[in-house]
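Written below as structure tokens is the structure these notes are about.
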Amino acid sequence: MSIFRKKSIEDLLKNAGSNSNGLKRELGAWDLTMLGIGAIIGTGIFVLTGTGAVNAGPALSLSFVIAGLACLFAALSYAEFASSVPVSGSTYTYAYATLGEFAAWIIGWDLILEYLLAVSAVSAGWSGYFQSFLGGFGINFPEKLTAAPGSIEGVTTYMNLPAFLIVMAITLLISRGTKQTTRINNIMVVIKVIVVLLFIVSSIYYVKPENWQPFMPFGISGVFSTAALMFFAFIGFDAVASAAEETRDPGKNLPRGIIGSLIICVVLYMIVSLIMTGVVPYAQFATALDHPISLVLQSAGQNWIAGIIDLGAFIGMTTVILVMLYGQTRIMFAMSRDGLMPKSLSKLHKKYNTPYAASWMFGIIAALLGAFVPLGELAELVNIGTLTAFTMISVAVIVLRKTRPDMKRAFYCPAVPLVPGLAIVFCVFLMLQLGSHTWIRFLIWMAIGIVIYFVYSRKHSNLNQQEK
């Protein structure tokens with residue numbers, strides 16, 4: 001039973017094309033771009049920019065460029081795979097076809113960590129903005145139901161009820177069908193982009209260039225370490241690749257969705273971060289880490305927009321939760337279909353044609369984590385999982401170019417091995433900027449995954465059954 005056995009790309013394409021075996025192809029380039037923007041613009045722009053400004057100063061915009069470049073190089077590799085092997089499972093499936101079963105399991109287990117904790121972390125941030133929005137109308141949740149136990153020093157809380165409810169609501173939506181999910185996502189993405197543009201237009205006239213001096217108060221090291229944290233703002237565009245099996249004309253639409261959404265979001269992040277640090281001296285964001293955008297508007301005397309920004313913030317985070325949970329269920333669907341996870345998780349609902357059991361299982365787990373566990377340091381743990389996935393996909397593109405140069409590709413990653421090589425360098429560099437505690441937790445999670453693989457997944461793998 002070799003741990004390096006690989007899935008045939010031809011078999012992958014054949015299975016994905018079978019209506020009885022696969023998901024419905026209903027998504028176009030617009031849907032995919034909206035999925036990408038929906039995943040990216042959320043916690044990063046409405047919350048993490050405050051922490052980024054404190055750690056990097058006005059050079060926060062450079063941190064976004066560095067994190068964005070790492071994503072862009074990886075996105076080109078994603079686009080080649082997703083368009084040429086349009087099968088559900090994203091990096092997990094691509095690794096299975098190029099690097100072997102064990103590498104595929106490692107990356108699949110890694111993606112479970114990334115998506116699951118991202119959903120939980122964002123749901124907690126969503127809860128804060130939602131409570132702020134309702135508070136403007138005099139509506140308040142009971143204090144004991146506003147945060148996870150231990151989240152607020154000196155305050156006894158039982159659970160974060162809003163965080164639990166939003167994840168449950170999105171789980172219901174995802175379980176009912178892909179087309180309905182993307183329609184609602186598209187509407188919410190348009191609203192939050194309008195809100196971001198409103199912030200830019202209403203604040204740009206209050207920028208004071210002297211606030212940009214010094215531009216790099218913490219030197220280049222501050223820029224790099226902040227880039228590792230700001231990377232959290234970009235996670236999610238890879239979830240677009242998980243929709244490959246549900247995309248019409250994936251050869252054209254997947255590269256457009258992946259690369260288009262990433263470029264749009266990099267530009268918006270740069271503009272917003274420059275305006276923020278131009279209106280408010282960077283050090284002042286230490287007093288408003290959970291609502292940096294609101295601080296900028298208050299300083300600009302634009303308080304009337306604050307309620308609209310709160311609306312855009314919790315809508316923005318809603319789409320992040322939606323896309324992450326969607327990507328999670330599709331990864332699990334692919335792993336279950338391959339026998340590495342229980343087969344019940346890949347069964348499609350007769351009416352909705354969605355992986356119903358997987359959707360509800362992960363939805364409930366993510367909702368409970370967001371409701372009962374303080375998630376203060378999860379951003380770094382999510383980041384290391386994402387960076388690992390990006391590194392693996394970049395390695396896989398180089399390997400596949402060597403082993404299958406004759407394979408038909410709908411999109412070619414340019415300058416191979418240079419571009420995927422740059423992605424590897426950027427990602428490993430950003431991983432090294434993360435703290436030792438993050439590495440320890442990540443390695444513990446991966447060790448648990450390795451045990452599960454050798455105890456269960458290796459024996460139940462479809463390829464192992466075929467060998468027998």
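Hydrogens, waters and symmetry mates are skipped; everything else that's a heavy atom, side chains included, is used.
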Given side chains that start at C-beta, do those of [X] and [Y] come closer than 4.5 Å, heavy atoms only?
X    : Y    : result
V280 : M276 : no
F141 : L134 : yes
I424 : F73  : no
L76  : I259 : yes

(request) Inspect the surroundings of CZ in F218 and state if more than 12 heavy atoms from other residues, nucleotides or ligands are less than 6.0 Å away. (result)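 Atom CZ in F218 is crowded, with more than 12 foreign heavy atoms closer than 6.0 Å.
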(request) Return the minimal non-hydrogen interatomic distance between V167 and G363, and the atom names on each side. (result)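 The answer is CG1-O, 3.3 Å.
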Can any side-chain N or O of [X] pair as donor or acceptor with the backbone N or O of [Y] at less than 3.5 Å?
X    : Y    : answer
Q433 : A227 : no
S63  : V223 : yes
K347 : A357 : no
T146 : E143 : yes
S261 : G36  : no

For residues [X] and [Y], is any side-chain donor paired with an opposing acceptor at under 3.5 Å?
X    : Y    : answer
T318 : W126 : yes
D110 : T388 : no
D338 : Y92  : yes
K144 : T156 : no
S175 : S359 : no

Could you tell me the separation between the [atom1] atom of [X] and the [atom2] atom of [Y], rounded to the nearest 0.5 Å?
X    : Y    : atom1 : atom2 : result
L325 : I170 : CG    : CD1   : 7.5 Å
I384 : M446 : CD1   : CE    : 10.0 Å
L434 : L387 : CG    : CG    : 6.5 Å

(message) Applying side chain to side chain donor-acceptor pair (under 3.5 Å), can you list everything that pairs with Y453, at least two apart in sequence or on another chain?
(response)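 Here the qualifying residues are E101.
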(request) Only counting residues at least two apart or in another chain, list the ones meeting side-chain contact (heavy atoms from CB on, under 4.5 Å) with P342. (result)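 side-chain contact (heavy atoms from CB on, under 4.5 Å) check on P342 returns S344, L345, Y456.
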(message) Are F372 and F164 an aromatic pair, judged by ring center distance below 6.0 Å?
(response)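 Centroid separation for F164 and F372: 6.0 Å or greater.
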(request) Taking the six-membered ring for Trp and the full ring for Phe, Tyr or His, determine whether the centres of F429 and F224 are under 6.0 Å apart. (result)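 Aromatic pair counts; centres sit under 6.0 Å.
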(request) Sequence neighbours left out, what pairs pass salt bridge (Lys or Arg N to Asp or Glu O under 4.0 Å) with at least one residue falling in residues 69-83? (result)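 Output for this query lists E80-R401, E80-R409.
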Using the six-membered ring wherever Trp is involved, compare the ring planes of [X] and [Y] and label them parallel, tilted or perpendicular (cut-offs 30° and 60°).
X    : Y    : value
F64  : Y269 : parallel
F442 : W439 : perpendicular
W445 : W109 : parallel

